Amino acid sequence: MLVSTEECLEALRCPRTGSKLARVSPDVLKTVCPETAEMTYRVVDGKPVMIDFSESVFSEGDILRSNAASPIERKHYGRLTRFFKKLLSPTKKSTVANVNRLVDDLQTTAARPAKLLVIGGGSIGQGMDPLYEHREISVYSFDVYASPLTQFIADAHQIPLPDDFFDAVVIQAVLEHVLQPAQVVSEIWRVLSDKGLVYAETPFMQQVHEGAFDFTRFSESGHRYLFRWFETISSGANGGPGTQFMWSVDYLIRSVFRSMMLGKLAKLAFFWTQYLDAIIPARFAEDGASGVYFYGRKAQAPISPKAIIAHYQGAQGRHA
């Protein structure tokens, strides 16, 4: 269940100094630690804007002028459009299985209610509904724009929350949109409690989306090494070569004919290729995946550079 904005305010910290905050007016928060320089943060439409703009790609002026609207157009789909969107991008079985496992693990390892952070939670991600519906999971959520599903606005490079605070963090389809993924993962490690859980899904062989705010891709082993300060519970492909092929057809046609509409029609014509993923062995799927996932537990030491070679070779052996 989503916590209230007021409940979340108690936990917020200055992203630059880590200091606690106090509300000095309905529209302004400021740091209260006398040992650090005073910082102030605006509240826009009830959402604290907890971004250190000196360290972010985002501009305070743009956020204030837009009333914290998304920098990327968020389309509202009608019933027919939603049908085709679901046809072209159904919820992946791996997502459903991993989210259910996360819920079960939280029930057996965390205090109740478990505290879970969703990074990039402006909308509910595919397959994530069980996290929001569970009465014994308190969901904290932020994004770079205001949404009814978020309690505050922040940049994931500097998460404005305390150390060791959460039992789990979910970051789905976000790490491709940050300039420094390793710094974001370091922040995830910081805010997680001992043995805290992380679940991440990130594109691999997928074309650019969200334009200027799309930066990075990861192979399965590269993604695992990104989370090297975590023990692996499970990792693998999240959308295989069939899904990747469908995306490629879209972008090939839209590029040749300079038409996004023709690209979408071509994608619709080849939507069936995504179902080939069900018959592709994991060792082939991971090397040609549209996306990858990592589910892990906070550790006190990282895996070594050599270990990532063994990880790849071991995965190939297990999947042979």
Side-chain angles (χ1 to χ4, degrees), residues 2 5 8-9 11-21 23-31 36-76 117-125 139-162 165-166 169-191 200-203 206 208-218 226:
L2 278 169
T5 298
C8 186
L9 279 175
L12 285 180
R13 298 291 186 269
C14 171
R16 181 182 293 184
T17 66
S19 301
K20 291 184 177 181
L21 300 160
R23 189 190 289 272
V24 295
S25 77
D27 297 325
V28 177
L29 302 176
K30 74 171 185 177
T31 54
T36 61
E38 182 177 284
M39 301 287 295
T40 60
Y41 296 94
R42 298 290 297 275
V43 178
V44 176
D45 198 22
K47 309 285 184 182
V49 181
M50 303 303 303
I51 298 177
D52 178 2
F53 290 100
S54 68
E55 298 290 335
S56 177
V57 299
F58 299 103
S59 160
E60 183 175 22
D62 289 343
I63 286 179
L64 295 179
R65 281 190 294 271
S66 70
N67 205 33
S70 172
I72 301 297
E73 181 183 1
R74 306 286 167 179
K75 296 180 180 179
H76 298 284
L117 175 65
V118 178
I119 299 176
S123 60
I124 297 178
V139 178
Y140 295 69
S141 173
F142 74 89
D143 212 316
V144 296
Y145 63 96
S147 160
L149 295 165
T150 59
Q151 297 95 0
F152 60 98
I153 298 159
D155 186 322
H157 294 90
Q158 296 171 296
I159 299 176
L161 291 161
F165 189 75
F166 291 99
V169 173
V170 169
I171 182 165
Q172 183 188 48
V174 172
L175 287 169
E176 72 270 31
H177 299 303
V178 303
L179 276 175
Q180 300 181 69
Q183 182 176 332
V184 173
V185 174
S186 177
E187 282 289 275
I188 292 172
W189 189 94
R190 179 184 64 79
V191 301
E201 293 181 357
T202 310
Q206 189 183 96
V208 167
H209 53 278
E210 299 198 359
F213 296 94
D214 192 334
F215 307 109
T216 308
R217 297 293 184 272
F218 289 95
L226 177 66

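Nothing here was measured: the structure is a model prediction, and the numbers come from that model. Computation of the quantities below employed the complete heavy-atom set of this structure, encompassing side-chain atoms and omitting hydrogens, waters and symmetry-equivalent molecules.
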How close do [X] and [Y] get, counting heavy atoms only, and between which atoms?
X    : Y    : answer
P48  : G46  : CD-O, 3.7 Å
T216 : V178 : OG1-O, 3.9 Å
R190 : L161 : NH1-O, 2.9 Å
M50  : P160 : CB-CG, 3.6 Å
A68  : I153 : CB-CD1, 3.4 Å

Do [X] and [Y] have side chains that get closer than 4.5 Å, going by heavy atoms?
X    : Y    : answer
L117 : I159 : yes
T40  : L29  : no
R23  : V43  : yes
L226 : L175 : yes

Measuring from [X]:[atom1] to [Y]:[atom2], what's the distance to the nearest 0.5 Å?
X    : Y    : atom1 : atom2 : answer
Q172 : I124 : CD    : CD1   : 11.0 Å
C14  : K20  : SG    : NZ    : 14.0 Å
K47  : T5   : NZ    : OG1   : 4.5 Å
I119 : I188 : CD1   : CD1   : 4.0 Å
E176 : H209 : CD    : NE2   : 4.0 Å
M39  : D52  : CE    : CG    : 5.5 Å

How are the rings of Y140 and F166 set relative to one another: parallel (under 30°), tilted (30 to 60°) or perpendicular (over 60°)?
perpendicular

N67: partners by side chain to side chain donor-acceptor pair (under 3.5 Å), with sequence neighbours left out
none

Is there any side-chain hydrogen bond (donor to acceptor under 3.5 Å, both in side chains) pair reaching into residues 147-157, and which pairs are they, with sequence neighbours excluded?
S56-D155, D155-H157

Would D27 and S25 count as having a side-chain donor-acceptor pair, cut-off 3.5 Å?
no

Test item: side-chain donor near acceptor, T31 and R16, under 3.5 Å
no

Step through it carefully: locate the ring centre of F58, locate the ring centre of Y145, and say whether they are under 6.0 Å apart.
no

Show your working on side chain to side chain contact (heavy atoms under 4.5 Å, CB included) between I63 and R42 and close with a plain yes or no.
CA-CA 10 Å; I63 286 179; R42 298 290 297 275; over 6 Å; no

I'd like to know if the side chain of R13 reaches the main chain of A11, judged simply by a donor and an acceptor atom lying under 3.5 Å from each other, with no hydrogens or angles considered.
yes

Can you tell me if Q183 uses its side chain to pair, donor with acceptor, with the backbone of P181 under 3.5 Å?
no

